[in-house]
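A quick note: this is a predicted structure, and the numbers were derived from the prediction, not measured.
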There are 2 protein chains.
Amino acid sequence: MPPTVRERFRAELTAEITAAARRQLAEVGAAGLSLRAVARELGMASSALYRYFPSRDDLLTRLITDGYDALGAAAEDADDPAAPPRERWLAVCRAVRSWARAHPHEYALLYGSPVPGYAAPRDTVPAAARVAVVLGRIIGDAARSGALPESAGRERDPDLVSDETAALLGGEHPAIDDAVRLRALLAWSSVYGTISFELFGHLVGSVTDTDRYFDGAMGELAALVGL
Amino acid sequence: MPPTVRERFRAELTAEITAAARRQLAEVGAAGLSLRAVARELGMASSALYRYFPSRDDLLTRLITDGYDALGAAAEDADDPAAPPRERWLAVCRAVRSWARAHPHEYALLYGSPVPGYAAPRDTVPAAARVAVVLGRIIGDAARSGALPESAGRERDPDLVSDETAALLGGEHPAIDDAVRLRALLAWSSVYGTISFELFGHLVGSVTDTDRYFDGAMGELAALVGL
DNA sequence: GTCTATAAATCGATAGAC
DNA sequence: GTCTATCGATTTATAGAC
């Protein structure tokens, strides 16, 4: 059955609330996010917001899941499974960085310092995994198509990566060994480290052209995992 | 001339203030750091603190420089210039991670989300650079001793890294080209990304043994830069 | 479902006595 | 250099009228 007028109105107002909350996030950060300030911006009484979000933390959780979903969707949209692995890798990395630069405060909420006194509930996990799923599929596809070079000479270090995470690269396959899994996880951490360094200001006088630097760095990471 | 009793007493109390502030940092984060709470913990009137730190931001700046200095000292202590490059790299990376795990909230202050409304003054830059200086020297030493393999086949991408940062690897040397500089910067970003992922909880169900994972990942990074 | 009103706190920063 | 007192703000969350 179609949503009632009441339900649609409620969904609309909920969207307005989260939009205002995101604007506030940019000004005062996650730790300073306040229901009252959101209410003020919307011209409502603060108590009215409690009909939509039972507490400040619930609003925060919503912002986090929304953020992970938006970022995950951007990564998924950027991936063309028909393209060569290396191009897929670069395209997705660029999409992640673009989203991060367009939404720096949401990115900081997702990947920056943990918010003191707040613990993300389990509900956020599936959304949080979406980017890793995309990157894992690219590497897994390349491995299964035989595009990955042998991990010759590298010592194995078995069972470092959990089964759930290993599953992101696809099921069992002879070309996907422990070394590939380790490098895949390191590559994802490095993508994150590169973007965070840029966004959090640690690259400021160090790099002349951040776009070119990013592409170059992602190319090195692709080479690291063998794409 | 030796410090007067007055000066020594002042220095001692200043240290007590920053120690209390660090404890508070762990509870409420940088954004929630409050001079009043620090004063309360020390049994002083809040107004008395203003004789030591003219504002909340000055206290924050002190915590940041102290943190960078402690981390930098840990990295410097861990480096034995007589050891082989790969061992030096691993030892320093381990020291950085150890310090980060021992002081997670200070690490988050240094490398996590920027504090809203706060801009670090220039004074913090030298302290902030100390770790990068150590890592840069390791790579530079290896390059100058001819231990680095040729960047064969890699296309050059000139002038990506600023002159100041390039100087961390030592002056001009034929073995230190743009590709080496790019990979050095990427490696440092990746060390940071790996530690942050672990500390900020993004590796929680993904890695079974974080110590072994870290060593393995740092080994891959050493290989990336050619150590 | 929105409002007013309220409780019980918090904060940075300053003035002025001692 | 520490204190009390104060200004002028902030917050979460709830109670109860409409």
Report summary line: Of C:dT4, D:dT2, D:dT4, the nucleotide closest to the side chain of A:S47 is C:dT4
Requested in this report: Can you tell me the distance, in whole Å, between the CZ atom of A:R51 and the P atom of D:dT14?
Outcome: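 Rounding to the nearest Å, CZ of A:R51 and P of D:dT14 are 12 Å apart.
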Query raised in the report: Could you walk me through whether A:R181 and A:L185 pass the side-chain contact (heavy atoms from CB on, under 4.5 Å) check?
Result: CA-CA 6 Å; A:R181 288 194 260 264; A:L185 204 46; over 6 Å; no
Report summary line: Side-chain atoms of B:M44 come closest, of C:dG1, D:dT2, C:dC3, to D:dT2
Requested in this report: Measure the distance from CG on A:L59 to C1' on D:dT12 and round it to the nearest whole Å.
Outcome: 13 Å
**Report entry** Any side-chain donor near an acceptor of the partner, B:Y118 and B:T61, under 3.5 Å
**Finding:** yes
Query raised in the report: Honestly, is B:R10 close enough over B:Y52, meaning NZ or CZ under 6.0 Å from the six-membered ring centre and within 45° of the axis?
Result: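 Because its charged atom sits under 6.0 Å from the ring centre and within 45° of the axis, B:R10 does stack over B:Y52.
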Requested in this report: Round to the nearest Å and state the distance from B:Y52 atom OH to C:dA13 atom C1'.
Outcome: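 Answer to the nearest Å: 18 Å.
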Report task. For B:Y107 and B:S196, test the side chains for any donor-to-acceptor distance below 3.5 angstrom and give the result as yes or no. Result ->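 There is such a pair (donor and acceptor under 3.5 Å, judged by atom type) between the side chains of B:Y107 and B:S196.
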Requested in this report: Specify whether A:Y111 and A:Y68 have parallel, tilted or perpendicular ring planes, treating 30° as the upper limit for parallel and 60° as the lower limit for perpendicular.
Outcome: perpendicular
Query raised in the report: What does B:F53 touch in the nucleic acid at a heavy-atom separation under 4.0 angstrom: a base, only the sugar-phosphate, or nothing?
Result: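 Touches nothing.
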Query raised in the report: Got a sec? Which of residues 30-41 of chain B come in under 4.0 Å of DNA chain C, heavy atoms?
Result: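 Result for residues 30-41 of chain B: B:L33, B:S34, B:L35, B:R36, B:A37, B:R40, sorted by number.
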Report summary line: Sequence neighbours excluded, the answer for side-chain hydrogen bond (donor to acceptor under 3.5 Å, both in side chains) partners of A:R94 is A:D215
Query raised in the report: From D:dT2, C:dG1, D:dT4, pick the nucleotide closest to the side chain of A:R6?
Result: C:dG1
Requested in this report: Report the distance from atom CZ of B:F9 to atom P of D:dG1, rounded to the nearest whole Å.
Outcome: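 Atom CZ in B:F9 sits about 9 Å away from atom P in D:dG1.
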Requested in this report: Please state how far atom CG in A:L60 lies from atom C1' in D:dT12, giving the value in whole angstrom units.
Outcome: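 Rounded to the whole Å, the gap is 14 Å.
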Report task. Classify the side chain of A:S46 versus the base of D:dT12 as yes if they form a donor-acceptor pair under 3.5 Å and no if they do not. Result -> no
Query raised in the report: Are A:R10 and C:dG1 close enough that a side-chain N or O sits under 4.0 Å from OP1 or OP2?
Result: yes
Report task. Please report, rounded to the nearest Å, how far the C1' atom of D:dC3 is from the CG atom of B:L49. Result -> 13 Å
Query raised in the report: Base, sugar-phosphate, or nothing: which does B:L13 touch, judged by heavy atoms less than 4.0 Å apart?
Result: sugar-phosphate
Query raised in the report: Which one, C:dT4, D:dT4, C:dT2, comes nearest to the side chain of A:A48?
Result: C:dT2
Query raised in the report: To the nearest Å, how far apart are B:Q24 CD and C:dT10 P?
Result: 12 Å
Query raised in the report: With sugar-phosphate meaning primed atoms plus P, OP1 and OP2, does B:S55 contact a base, only sugar-phosphate, or nothing at under 4.0 Å between heavy atoms?
Result: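 The residue B:S55 makes sugar-phosphate contact but no base contact.
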Query raised in the report: Regarding B:D58 and B:S55, is there a side-chain donor-to-acceptor distance under 3.5 Å anywhere?
Result: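 Yes, a side-chain donor-acceptor pair sits under 3.5 Å.
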Report task. Please state how far atom OH in B:Y50 lies from atom P in C:dA13, giving the value in whole angstrom units. Result ->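 Distance check: B:Y50 OH to C:dA13 P gives 4 Å.
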